[in-house]
There are 2 protein chains.
Amino acid sequence: MTTRNEKSRVSSQDIYNQLKDMILSFELYPGSRVTETELAARFQVSRTPVREALQRLEMDGCLVIRPKQGCFIRDVDIIELTQYYDVRIALEMHSLRGACLQMPDKELEQLAAQWDPDSQKGRSDVVDTMVDLEESFHITLAAGSGNDVLVKYLEDINNRIRIIRRLDFTEKARLDRTYRDHFEIVQYLLQRDLEGAQLKMRQHILKSAEFAKNLTLTQLAQKRRLRPA
Amino acid sequence: MTTRNEKSRVSSQDIYNQLKDMILSFELYPGSRVTETELAARFQVSRTPVREALQRLEMDGCLVIRPKQGCFIRDVDIIELTQYYDVRIALEMHSLRGACLQMPDKELEQLAAQWDPDSQKGRSDVVDTMVDLEESFHITLAAGSGNDVLVKYLEDINNRIRIIRRLDFTEKARLDRTYRDHFEIVQYLLQRDLEGAQLKMRQHILKSAEFAKNLTLTQLAQKRRLRPA
DNA sequence: GCCACGGTTTATGTATGCAACGTTGCATTA
DNA sequence: TAATGCAACGTTGCATACATAAACCGTGGC
């Protein structure tokens, strides 16, 4: 019964999601410390649901809970990010193999239509939307391989690198290239050319990886100032 | 100050670990339902730490929490297990690539000595110990690739398939074969023969996967018959 | 005999109080 | 002046109490 806020109840789940967004959007800056009491006050709930959300976020790797000390937003570790990209490449190569063998032409054609560089349909310049679309492309391919576990791990990796990925679509050039890359990959798959698809995919991901590698923390701080909304 | 039990306090972490063990050892049988109150009573603590442990276990995929209904131990899904093995192969292939390129001879020779089929040193017939040793072999190779993230994911996969893996070392034949496989893989790596190592490793894991698949079916059938319902 | 409805039960979800532990700052001493 | 000890504070960790919602069971009506 919050008198000033009729947005009804805020559940533990909501807090988890909101906190995750805040971390990924640098609203909670890496390295900073948050306390349960502070967050509880901010969300107008007790410490209990906040606590649960924080523990889930710790398992997500978004923050670290040091016993009796507090929660610290996890730093962005460039080396670790590179390793995530490395694993991602290995998994996406595997994903392509499965998709190439099992994914029906019909689904691939749908995907191709969606990423046709000449068609502006479904195109968005909202960064968050683009990140979602980009992820869904890769996830769709993984799903096409028929291996749900593979999908799960790729989603997990996406969670970790999303903090960078959303900085990846601030330039239109990168955006255009993404459309072209995706389209070409699907074309290779339609021809059942695994080698070609894998080569293209590897380049595509490596491009992102390099972008991430060259990022510095100061750049991250600058990007953060661009998001006061 | 528990009068009858001087093992002092049981923390949320302890409960998490114990519950995980109980699930992996079928003490809490898949499909069965557990309540917070029941576990709290069993561990002689309040619901709070139990709740935290359960939420972590849900994120681990060990159980499912249905809101306002209860916690259900996750079923062992044969198809899912197969998918875990599939992903594992992809990652271990990648792991070998890194190890072949970067792991120094000295470390590899240590590993070889440890798994020399002719040496009985460090050999154990305790199933749990063997599972630990087997896992540490694969993890050591992954660590040798220098990619900590890769290690993390392989450990996660190990967590999922351990429930099966521990059934894998009940026959001496399987045990001997494991020693031979591991030894040969390291030999390939010492010769920096990536292809050979990968081929052997793939066979090694596939053998486990098949073994697990068959064993699980019979195992589950037996367990099912024991169920009162 | 079967279906619908409502009270009761039971388990989760949340709030709050208390204790333990780590940290920090200051005072005291060598 | 620097180092050490102590005390006060703040935060987490756990326990307990209350709120809520789903499920179950029994009863009554059709």
Side-chain angles (χ1 to χ4, degrees), chain A residues 1-20 22-23 28-74, chain B residues 1-20 22-23 28-74 228-229:
Chain A
M1 226 177 9
T2 54
T3 51
R4 65 185 189 90
N5 187 357
E6 63 266 33
K7 276 196 295 188
S8 78
R9 309 280 301 261
V10 187
S11 74
S12 160
Q13 271 293 338
D14 299 331
I15 296 174
Y16 169 78
N17 291 326
Q18 289 192 39
L19 278 178
K20 198 159 185 175
M22 289 165 69
I23 293 175
L28 293 177
Y29 198 69
S32 67
R33 172 160 168 255
V34 292
T35 69
E36 298 173 359
T37 314
E38 164 202 339
L39 293 175
R42 188 182 323 195
F43 287 110
Q44 294 283 322
V45 294
S46 83
R47 278 175 47 218
T48 309
V50 172
R51 218 178 135 67
E52 293 181 354
L54 287 176
Q55 301 214 349
R56 305 248 274 269
L57 287 168
E58 186 191 28
M59 297 219 63
D60 274 345
C62 291
L63 49 82
V64 178
I65 299 178
R66 290 221 283 269
K68 300 282 188 186
Q69 292 186 37
C71 301
F72 299 84
I73 310 298
R74 189 103 183 272
Chain B
M1 213 168 37
T2 54
T3 51
R4 66 184 185 90
N5 185 358
E6 63 264 33
K7 277 196 293 187
S8 76
R9 307 280 299 264
V10 186
S11 74
S12 160
Q13 272 293 337
D14 299 331
I15 295 174
Y16 169 79
N17 291 326
Q18 288 191 40
L19 279 178
K20 198 160 186 175
M22 288 164 69
I23 293 175
L28 293 177
Y29 195 70
S32 66
R33 171 160 169 255
V34 293
T35 69
E36 298 173 358
T37 313
E38 164 201 337
L39 292 175
R42 187 182 323 196
F43 287 110
Q44 293 283 320
V45 293
S46 82
R47 277 177 48 219
T48 309
V50 171
R51 219 178 134 68
E52 294 179 355
L54 287 176
Q55 301 214 348
R56 306 248 273 268
L57 287 169
E58 186 191 29
M59 297 218 61
D60 273 346
C62 292
L63 48 84
V64 177
I65 299 178
R66 290 221 284 271
K68 300 281 185 186
Q69 290 188 40
C71 301
F72 298 85
I73 309 298
R74 189 107 181 269

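Proteins get letters first, then strands, A, B, ... in listed order; numbering begins at 1 in each.
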Can B:R42 and B:E38 be counted as an ion pair, charged N to O under 4.0 angstrom?
yes
Please answer whether the main-chain N or O of B:E52 pairs with a side-chain N or O of A:R51 as donor and acceptor at a distance below 3.5 Å.
no
Please check this pair: side chain of B:N17 against backbone of B:D14, looking for a donor-acceptor N/O pair closer than 3.5 Å.
no
Would you name the heavy atoms of B:L57 and B:Y16 that are closest together and state the gap between them?
CD2-CE1, 3.7 Å
Going by an N to O cut-off under 4.0 Å, is there a salt bridge joining A:R56 and B:E58?
no
When you check the phosphate oxygens OP1 and OP2 of C:dT12, does a side-chain N or O of B:R51 lie under 4.0 Å from one of them?
no
Please tell me which of A:R33 and B:E52 maps to the more 5' nucleotide of DNA chain D, matching each residue to the nucleotide holding its nearest heavy atom.
A:R33
Grab the CZ-C1' distance between B:F43 and D:dA15 for me, whole Å please.
17 Å
Going through the checks in order, is the side chain to side chain contact (heavy atoms under 4.5 Å, CB included) test met by B:L39 and B:L54?
CA-CA 10 Å; B:L39 292 175; B:L54 287 176; 4.0 Å; yes
Determine the contact category for A:V50: base if any of its heavy atoms lies under 4.0 Å from a base atom, sugar-phosphate if only primed atoms, P, OP1 or OP2 are that close, otherwise nothing.
nothing
Checking all strands, does B:R66 fall into the base, sugar-phosphate, or nothing category for heavy-atom contacts under 4.0 angstrom?
nothing
Below 3.5 Å between N/O atoms, which protein atoms pair up with nucleotides 21-25 of chain C? Just atom names and distances, please.
unit_1: C:dT23; atom_1: OP1; unit_2: A:Q69; atom_2: NE2; d: 3.2

Where A:A53 and A:L19 come nearest, the two heavy atoms and their spacing
CB-CD1, 4.3 Å
Distance-only donor-acceptor test (3.5 Å): side chain A:T48, base C:dA15
yes
Whole-Å gap separating C1' (D:dA15) and CZ (A:R47):
12 Å
Length of the CD-C1' vector between B:E36 and C:dT10, whole Å:
12 Å
End-to-end bend of the helix from C:dG1-D:dC30 to C:dA30-D:dT1 (five-pair axes, 10° rounding)?
10°
Under 3.5 Å, side chain of B:R74 to main-chain N/O of B:G61, donor-acceptor pair present?
yes
How far does CZ of B:F72 sit from CD1 of B:I65, to the nearest 0.5 angstrom?
11.0 Å
